[in-house]
Number of protein chains: 2
Amino acid sequence: MLNNYNTEDKVLLSVDCIIFGFDNEGLKILLIKRDFEPEKGKWSLMGGFLKKSESLNGAAIRVLNRYTGLQDIYMEQLYAYSEVDRDPVDRTISVAFYALINIENHNTALIQDHEAEWFSISKMPKLIFDHNEMVAHAIRRLRYRTSTKPVGFELLPEKFTMRQLLELYEAILDKELDKRNFISKINSLDILVKLNEKDMLSSRKGSYLYMFDKEKYDAKLLNHFVLNL
Amino acid sequence: MLNNYNTEDKVLLSVDCIIFGFDNEGLKILLIKRDFEPEKGKWSLMGGFLKKSESLNGAAIRVLNRYTGLQDIYMEQLYAYSEVDRDPVDRTISVAFYALINIENHNTALIQDHEAEWFSISKMPKLIFDHNEMVAHAIRRLRYRTSTKPVGFELLPEKFTMRQLLELYEAILDKELDKRNFISKINSLDILVKLNEKDMLSSRKGSYLYMFDKEKYDAKLLNHFVLNL
DNA sequence: ACAAAAGTGTTCATGCTACACCCATGC
DNA sequence: GCATGGGTGTAGCATGAACACTTTTGT
C-alpha cells in the first residue's frame with residue numbers, strides 16, 4: 001500500500017491551444033467548431049485530453065499538429081484552469097498553451113477538414129467554457145513576451161520587411177509606434193540580417209527584406225532582452 | 001455515451017507550494033521532511049493532491065493552511081510540471097504555486113509537527129523530484145513580480161522600516177541597491193503611509209515605521225506599475 | 001565624545017519621445 | 001511629373017545612476 005497513491009482522486013486533464021497568426025489584416029487566432037458534445041458546433045480553442053504517456057507539452061504539440069500539420073512551433077505554457085464547474089460534463093482541468101505560427105505555412109486542407117477559421121483578435125466570437133478568458137490571458141502574455149524575447153519573428157515569414165515587423169508589433173501591442181524609433185530600437189538589438197533583396201510588392205521603390213539571425217541572438221547569450229516600445 | 005469523456009485517461013493532479021518568508025537573515029523558503037513514501041524523510045515542498053471538489057487554487061490554499069495555519073495569503077499559480085516520469089510511483093502532474101507570508105505570523109507549532117524548516121534560498125538542500133526546478137522558477141517569478149506589483153509588503157510585518165524594505169528587495173533581487181535612490185523610487189509610487197512612530201530597536205536614533213496603503217494603491221487603479229530597481 | 005544607523009539632494013549620463021523631409025521608382 | 005511608400009537624424013526631456021555628509025541619541 002505504500003508505493004501508490006490509490007486513495008487520491010484522479011481527474012481529466014486537457015490542453016487548449018491559443019494559436020496566433022499574423023497577416024496584413026492583423027493579429028489572428030485560429031478557432032474550430034467543436035465536433036463533439038457538449039457545445040458541439042460552438043467556437044472553441046483547439047484542445048485534447050492528456051494521455052498518460054505524454055507530457056502536457058507533448059499533448060499540446062500533438063493537438064497543434066493535428067489541426068495545422070505544423071511541427072517545431074514556438075509554444076509556451078500559460079496557465080492551468082481548474083474551476084470545478086468549468087466543464088459541465090466531467091471534472092476537467094485544462095492547461096492552456098499559446099503558439100505562434102507563420103500563417104502562410106499551415107495546412108489549409110486540415111483547417112478546412114476541421115472547420116477551423118482565423119478570427120481577428122478584435123472580433124472574437126463567444127467561445128465555449130472559459131476559453132475567452134484563456135485567450136485574454138494569452139494576449140497579455142504575448143504582449144509581455146514581446147518585450148523580453150524576439151517572439152515576433154515566429155509570426156512572420158522567414159523574410160520580411162521592416163514595415164511588416166512594425167505592423168506586427170503594433171497589432172500585438174495594440175498601439176501605434178513611431179516608425180523611426182521602432183527601427184532604431186530593433187536595429188540596436190542587432191539580431192536581424194538585412195538581405196540584398198527587396199520586396200517589390202508593397203511599393204515602387206521596394207523595401208529591403210530582413211531575416212531574424214538566431215545564431216547572432218544565441219551568441220549573445222541573450223536569454224532575455226529588454227525592448228521598450 | 002455522448003455526455004461523458006469515458007474513454008480518456010485520468011491522472012493524479014497535485015499542488016506544490018513554494019512558501020517565501022523574510023527575516024533579518026534574508027529570503028527564505030519553508031520546506032518539510034516528506035512523511036510518506038516514496039522519498040520519505042527527504043526535503044520537499046509542501047504539497048497535496050487535488051480533490052475532485054476543489055479548484056487548484058483551493059487545493060493550494062488548503063495545503064498552505066494545513067502547514068502554516070495561515071489564511072488570506074498572497075498566492076500565485078506558477079506552472080504545471082508534467083514530465084511523464086517526474087513521480088516514480090504514479091503518473092502525477094503537479095501545479096506549483098508560490099506564496100508570500102509574513103514569517104512572524106505562522107503557526108510555529110504546526111511547523112514543528114510537520115518537521116518543517118526555513119531555508120535560506122542560497123542554502124537550499126536537494127529536494128525530491130523536480131522541486132528544485134519549481135523553486136528556481138518561483139524565484140524568477142517573484143523577481144519579475146516585484147517590478148510590477150507591490151508584493152514585497154506581503155513578506156513584511158504590517159509596520160516596517162525603510163531599511164527592512166530595502167533589505168527585502170535586495171534579498172529578492174540578489175543585488176545591492178542604493179539607499180537614496182531606492183527610497184525616492186518607493187516614495188514616488190506614493191503607496192506608503194509614514195507613521196508617527198519609530199522602531200527603536202535597530203538604532204539609537206530610531207527609524208520611522210511605514211505601512212503599505214492598500215486603499216491608496218487601489219484608488220489609483222494601478223493594476224500594475226513599473227518599478228525599476 | 002563617539003559609535004551606529006537614519007535621513008536627505010544634486011549632478012551627470014543615458015535612453016526615450018517627438019518630429020519632417022528627401023529618395024527611388026513605376027506609371 | 002507625380003504619387004506612393006521607403007528610408008533616415010536630431011534636439012529636448014525624463015529617468016536612472018552615482019555619490020557623501022549631517023543628524024540623532026544612547027552609551
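Proteins get letters first, then strands, A, B, ... in listed order; numbering begins at 1 in each. It should be emphasised that the depicted structure is a prediction, and the values quoted were computed from it without experimental measurement.
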Once you round it to whole Å, what is the distance between [atom2] of [N] and [atom1] of [X]?
X: B:Asn187; N: C:dG9; atom1: CG; atom2: C1'; value: 13 Å
X: B:Lys194; N: C:dG7; atom1: NZ; atom2: C1'; value: 8 Å
X: B:Tyr208; N: C:dG7; atom1: OH; atom2: P; value: 8 Å
X: A:Asp199; N: D:dT4; atom1: CG; atom2: C1'; value: 14 Å

Please enumerate all residues that pass side chain to side chain donor-acceptor pair (under 3.5 Å) together with [X], with sequence neighbours excluded.
X: A:Arg86; value: A:Asp130
X: B:Glu54; value: B:Arg62
X: A:Asn102; value: none
X: B:His106; value: B:Trp118

Strand contacts (DNA chain C) in residues 162-185 of chain A, 4.0 angstrom heavy-atom criterion: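 Correct list: A:Asp178, A:Arg180, A:Asn181, A:Lys185.
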Partners meeting side-chain contact (heavy atoms from CB on, under 4.5 Å) with A:Arg204 (sequence neighbours left out):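 With neighbours one apart ignored, the set is empty.
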Taking ring-ring contact (aromatic ring centres under 6.0 Å, His included) as the definition, give me every residue that meets it alongside [X], ordered by chain and number, with sequence neighbours left out.
X: B:Phe182; answer: B:Tyr169
X: B:Tyr74; answer: none
X: A:Tyr210; answer: none
X: A:Phe119; answer: A:Trp43

B:Asp72 atom CG, over 12 foreign heavy atoms within 6.0 Å: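 Check fails, neighbour count at 12 or below.
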Please write out each protein N/O paired with an N/O of nucleotides 11-13 of chain C under 3.5 Å, distance rounded to 0.1 Å.
none

Enumerate all atom pairs, one protein N or O and one N or O from nucleotides 24-27 of chain D, separated by less than 3.5 Å.
none

